[in-house]
Amino acid sequence: MSEQVAGGSETQQRYNPAEIEPKWQARWDADPGLYAADRHDSGRPKFYCLEMLPYPSGQLHMGHVRNYSIGDALARFMWMQGYNVLHPMGWDAFGLPAENAALKNNTPPREWTLSNIAAMRKQMARIGFSYDWANEVTTCLPEYYRWNQWFFLKMFEHGLAYRKKSKVNWCPDCQTVLANEQVINGRCWRHDDTLVEQKDLTQWFLRITQYADELLNGLEKLEGWPEKVRTMQRNWIGRSEGTLVDFALEDAAGAGADQCPAITVFTTRVDTIFGATSIQIAPEHAVAKRFSEQDAVLAGQVDKMIAEQKAARESGDVGAIEKHGVSTGRLAINPFNGERVPIWVANYILADYGSGAIMSVPAHDERDFEFAAKYGLEVRRVIVPDVHGEELPPLPYLDEDASVLMNSGAWSGQSCREAQAAMGKHAKENKFGEPTVTYRLKDWGVSRQRYWGTPIPMVYCRNGHQGVEADGVVALPESALPVLLPEQVEITQQGGSPLGRLAGFVDTTCPVCGGPARRETDTMDTFVDSSWYFYRYTDAKNATAPFDSAKANYWFPIDQYIGGVEHAILHLIYSRFWTKVMRDLGLIENDEPATRLFTQGMVIKDGAKMSKSKGNVVSPDDMIARYGADSTRMYALFAAPPDRDLDWQEEGVAGISRFLGRVYRLTIKYAEQIRGTATGRGKQGAAGQALLRKLHQTIAKITQDFSGRWHFNTCIAAIMELVNTILDHEAAMDSGEVSAATVAEVFRTLTLLLAPFAAFLAAELWEQIGGEGAVFRVAWPVADAELARENEVEIPVQINGKLASVIKLAAGSDEEIIKAAALADPRIQARLEGRTLVKVIVVPAKLVNLVVK
RNA sequence: GCGAAAGUGGCGGAAUUGGCAGACGCACCAGACUUAGGAUCUGGCGGAGAAAUCCGUGGGGGUUCAAGUCCCCCCUUUCGCACCA
């Protein structure tokens, strides 16, 4: 295989990653068990290290390299710490780009996707990532997606999957429906500049709202997740406690009151209801529509408002639009005091939140105040601070914690909180309302009018099956799975799912009556695939179940999940939901998928996100070809702390490459000597002591950083310092002043410290210095505190907080000795001349501060 | 508008608990060496100053023997949410 360097010439001693890395890659490729996790009875503690799986675009980008380098360093470290590590990888392989590519290149999506996967797997191997490929998961294969269908049937059976007609988000570019989570500022998550439209369609939904409270409360326990992600999820769920109150329409106001006897408003401040001076309803509200039918002028104004709202949503500044409205001329009755208040239609009322109608209390709500000021509506104060000041606070007055009601009938004098509870109860008892909880979170629409996705395992019986389900919806039995995605399909971007044009797919028989039936032609959202893929990794070849519960229960929860923050409310909320559903189905025991989540920063270049249009894309292949994989990934870890954005500077990669070159030359120089030397410690001279001190300080620093802070940039800096120290003592090592055993310990340990960051080089050096077995299965070095201790310390001496001198003392000197030494220092004495020493502050081992006048 | 994070040399960044600001690396400058390499080695590198020394972590106040770090006010940038009743 590789040639030994024995007596090597200069050229042979030069660090050449282009030679070393492919050599080790070939060896690793030939050993599929190398990174395999042990079975769950290994007796070692488990560690599930997971990075978010990529979409197989065909090319790894720098963001992937960074993400996976972090995970790889951690996985290797945990192996060396003796853990049974599961470190899998897979492919989020369904999705629209495959269809676009099919149109463009006339390649079937499956073929395109699978060849991309092969290319990316090759790239990953070239970089040397430590994945257990035996458990690879590819979501577009029937072995995987049949379980999506299986879960869908389970959810249908438990009422968690249902069909309804509703307003849905439609991306004209994707030609499909999108979930709320996939709409970002009114635009499609795949198309930054495509405005999402609203359509009325019948679609499949998953009842994620059933878990809204648990998803919210569970966030409290996820202490290992970034606060930012938890906050985003909290806001997305948007729980709000309030009260629904029915305002009856006044009969005299118009005909048809019997058809719609009341407007239900939602409020979180029912305690302010005596201050309600109007009702405001959304332009899309059913009552607005009905009034419009009888009033052409109103109809025109309402339509205008709807159009304006739409335009504002599309231009992305919904919040900036001026509040305005129009009076309907009708009145509604406040059930708490019998008062008649005017009904308005206003543009700031959202149809899809709460009940689409509010009571307007100008005195105690900012928007209502603004609106009332504009239209001269009455502003009536009903809440005051509970401490009686001379002056009443200005309006709108919003406090509800230290305030009480006034002018509110029987509730006057009660605190806001008391009144909220009492008035909700009162409404319920008198049947004109009730306390309620609303959420911003909506059920997850999973139907997609696309081809390249999991077929939904439902059929529509042409016989109707009245009484069973509307539209003759019939669930397929488990035995009918998988519903295979046909392969010969003409992809177009128009006219709904291409599956609908395949008679062979659409036409089927009803599993209940045997009569003619039509298959569902929509496919599932790709986020279904990624909601549970990490469970499949624990048992990826299982042909009879999504996974074996015993295996999943051993590995779960994931100990460390690593990925980009862009999934904070997409994948990360869906997969939490899926976990809870699987738990309730009895498949798993954990409540949450991952104990710890780490979101790495973006890789940017010249201050901007890499993009083709900006022309600032740095290709990993390019970097690897020039500097090698070790230098590329080590730079990705060195250039910034992993949670921050990283500005890619090629000169920095070259710097890392030079550093690794120094390590290589130095280690090879002593390799033969190290091979022939047993470990062990004898007497040390000063140089040997200094080397071991730095070595053990470095071990301690890196070990500690791996336990949570993850500042790999400073870990690598520490290794560089260590190497600089070794270079400082090169002469002493050459002369034999440093013992051979110490030289051996230093280089063996250095190699181990490098292993998580520069896998190829570490493997090569480990072999060169005669190490046994795979370097990342060797026990991680343990820092010896005794060796790491400094025996002499430099203590700065300040005068009035400014540095005046530095004294050298034996470590552990007590306060008196430090103080005496500081005062005896000639530089200090000179500067104290003629001044009065007021106070001496001694911080042992840290500094001395002399306060003088 | 609300919320979060951040602001330190020419650049990326370090300083985990208040204790020598600028570790480590890049770029740059000077020199050495040479098989002229995408080398390597030595030294320098926050600002002002000949030096002693002084100034310096977005700005302004404060606490402290001591502040990049803690407190108050303000500015800027990035991200998230954005009429949520």
Side-chain angles (χ1 to χ4, degrees), chain A residues 10-11 14 184-185 226-229 231-232 234-236 238-240 242 265-269 272 280 309 312 316-323 346-350 352-361 364-368 370-371 438-440 565-566 568-569 601-602 607 626-627 635 638-641 643-659 661-662 665 701 704-705 708-709 711 713-724 727 794-806 838-843 845-852:
Chain A
E10 288 284 319
T11 44
R14 166 162 261 128
I184 302 182
N185 286 331
E227 192 50 50
K228 178 182 174 154
V229 172
T231 305
M232 283 167 75
R234 231 173 256 132
N235 292 341
W236 185 259
R239 185 182 198 274
S240 161
V265 306
F266 173 70
T267 176
T268 54
R269 292 295 307 276
T272 65
Q280 306 285 344
Q309 287 281 75
D317 47 13
V318 189
I321 192 170
E322 202 197 333
K323 290 173 193 32
N347 69 341
Y348 68 99
I349 308 303
L350 304 174
D352 56 0
Y353 183 78
S355 60
I358 64 152
M359 59 180 201
S360 179
V361 185
H364 305 293
D365 181 280
E366 237 165 295
R367 288 153 307 175
D368 295 346
E370 190 188 320
F371 193 86
T438 62
Y439 299 90
R440 209 180 91 112
V565 74
E566 66 272 15
I569 43 180
M602 280 192 307
R626 278 189 232 186
Y627 304 101
Y635 174 73
F638 176 70
D643 53 337
R644 285 223 237 152
D645 285 353
L646 182 160
D647 197 83
W648 195 270
Q649 295 181 354
E650 194 174 326
E651 296 81 4
V653 190
I656 294 287
S657 178
R658 281 197 289 273
F659 164 71
R662 276 196 290 275
R665 267 193 312 281
K701 197 234 170 315
Q704 200 190 353
D705 242 306
R709 207 176 74 132
H711 279 197
N713 54 331
T714 58
C715 288
I716 293 168
I719 298 175
M720 288 173 170
E721 283 187 56
L722 170 63
V723 171
N724 290 344
L727 285 165
E794 289 191 345
I795 298 179
V797 182
Q798 301 177 333
I799 292 178
N800 289 341
K802 298 229 171 82
L803 184 67
S805 186
V806 176
V838 181
K839 198 172 174 185
V840 179
I841 285 146
V842 178
V843 186
K846 288 275 185 184
L847 63 45
V848 177
N849 190 13
L850 307 173
V851 186
V852 301

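Letters A, B, ... are given to chains in the order of the sequence lines, protein chains preceding strands, and every chain is numbered from 1. All values derive from a computational prediction rather than experimental measurement.
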Closest to the [X] side chain, choosing from [options]:
X        : options             : answer
A:Ile841 : B:C65, B:A85, B:C81 : B:C65
A:Lys839 : B:C81, B:C65, B:G13 : B:C65
A:Phe266 : B:A39, B:C20, B:A85 : B:A85
A:Asn849 : B:C20, B:C65, B:G12 : B:C65
A:Pro641 : B:G13, B:C83, B:U40 : B:G13

Which whole number of Å gives the distance between the [atom1] atom of [N] and that of [M]?
N     : M     : atom1 : value
B:A6  : B:G13 : C1'   : 14 Å
B:U57 : B:A5  : P     : 23 Å
B:A15 : B:G46 : C1'   : 16 Å
B:A4  : B:U53 : C1'   : 43 Å
B:C71 : B:G19 : P     : 15 Å
B:U78 : B:A32 : C1'   : 46 Å
B:C24 : B:C33 : P     : 27 Å
B:U42 : B:A48 : C1'   : 28 Å

With heavy atoms under 4.0 Å as the rule, sort [X] into base, sugar-phosphate or nothing.
X        : value
A:Glu366 : nothing
A:Asn713 : sugar-phosphate
A:Ile719 : nothing
A:Val851 : sugar-phosphate
A:Asp645 : sugar-phosphate
A:Gln798 : base

Any [X] side-chain heavy atom under 4.5 Å of [Y] side chain:
X        : Y        : answer
A:Ile795 : A:Lys846 : no
A:Tyr353 : A:Thr438 : yes
A:Asp365 : A:Arg269 : no
A:Ile358 : A:Asp368 : yes

Subject >> For A:Phe659 against A:Ile719, the heavy-atom pair lying closest together >> reply: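 Distance-wise, the nearest heavy atoms are CZ-CG2, 3.8 Å.
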Subject >> Approximate separation, where rounding is to 0.5 Å, of A:Glu794 CD and A:Ser805 OG >> reply: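 It is 10.0 Å, given to the nearest 0.5 Å.
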Does [N] have OP1 or OP2 under 4.0 Å away from a side-chain N or O of [X]?
X        : N     : answer
A:Arg644 : B:A14 : yes
A:Arg709 : B:A15 : yes
A:Ser240 : B:A85 : yes
A:Tyr353 : B:A85 : yes
A:Lys228 : B:G3  : no

Report the base-pairing partner of [N] (Watson-Crick or G-U wobble, both distances below 3.5 angstrom), or none.
N     : answer
B:A21 : none
B:C54 : B:G47
B:A27 : none
B:U64 : none
B:A5  : B:U77
B:U34 : none

**OP:** Select from A:Lys846 and A:Arg239 the residue whose nearest nucleotide in RNA chain B is closer to the 5' end of that strand.
**Re:**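 Here A:Lys846 is the residue nearer the 5' end.
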**OP:** Would you kindly compare A:Met359 and A:Asn235 by the position of their nearest RNA chain B nucleotide and give the one closer to the 5′ end?
**Re:**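 Nearest-nucleotide comparison on RNA chain B picks A:Asn235.
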Original post:
Is the backbone N or O of A:Val852 less than 3.5 Å from a side-chain atom of A:Asn800, with the two atoms forming a donor-acceptor pair by type?
Top reply: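 Side chain of A:Asn800 to backbone of A:Val852, a donor-acceptor pair under 3.5 Å: yes, one is there.
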**OP:** Give a yes or no on whether the backbone of A:Gln649 and the side-chain of A:Tyr635 come within a donor-acceptor separation of less than 3.5 Å.
**Re:**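 Indeed, once roles are kept as given, a pair shorter than 3.5 Å links the two residues.
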Original post:
So among A:Val842, A:Ile841, A:Val843, which one has a side chain to side chain contact (heavy atoms under 4.5 Å, CB included) with A:Asn849?
Top reply: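 That would be A:Ile841.
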Original post:
So, does the side chain of A:Lys323 form a donor-acceptor pair with the base of B:C83 at under 3.5 Å?
Top reply: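 Present.
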Original post:
Is the number of heavy atoms from other residues, nucleotides or ligands within 6.0 Å of CD (A:Glu366) greater than 12?
Top reply: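 It does not: A:Glu366 CD has 12 such atoms or fewer within range.
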What is the separation between atom [atom1] on [X] and atom [atom2] on [N], rounded to the nearest whole Å?
X        : N     : atom1 : atom2 : result
A:Ile569 : B:G3  : CD1   : C1'   : 14 Å
A:Lys802 : B:U53 : NZ    : P     : 13 Å
A:Asp643 : B:G80 : CG    : P     : 17 Å
A:Glu794 : B:G19 : CD    : P     : 18 Å
A:Leu847 : B:A21 : CG    : P     : 9 Å
A:Leu727 : B:U40 : CG    : C1'   : 12 Å
A:Ile799 : B:C54 : CD1   : P     : 10 Å
A:Asp647 : B:G13 : CG    : C1'   : 12 Å

Polar atoms only, N or O, under 3.5 Å: list the protein pairs with nucleotides 24-29 of chain B and their distances.
from	atom 1	to	atom 2	distance (Å)
B:G25	OP1	A:Asn724	ND2	3.4
B:C26	OP1	A:Arg658	NE	3.4
B:C26	OP1	A:Arg658	NH2	2.9
B:A27	OP2	A:Arg658	NH2	3.4

Subject >> Syn or anti conformation of B:G9, syn meaning chi within 90° of 0 >> reply: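 For B:G9, whose glycosidic angle is within 90° of 0, the conformation is syn.
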**OP:** Would you kindly say whether A:Tyr348 and A:Gln280 are connected by a side-chain donor-acceptor distance under 3.5 Å?
**Re:**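 Result is no, nothing qualifies.
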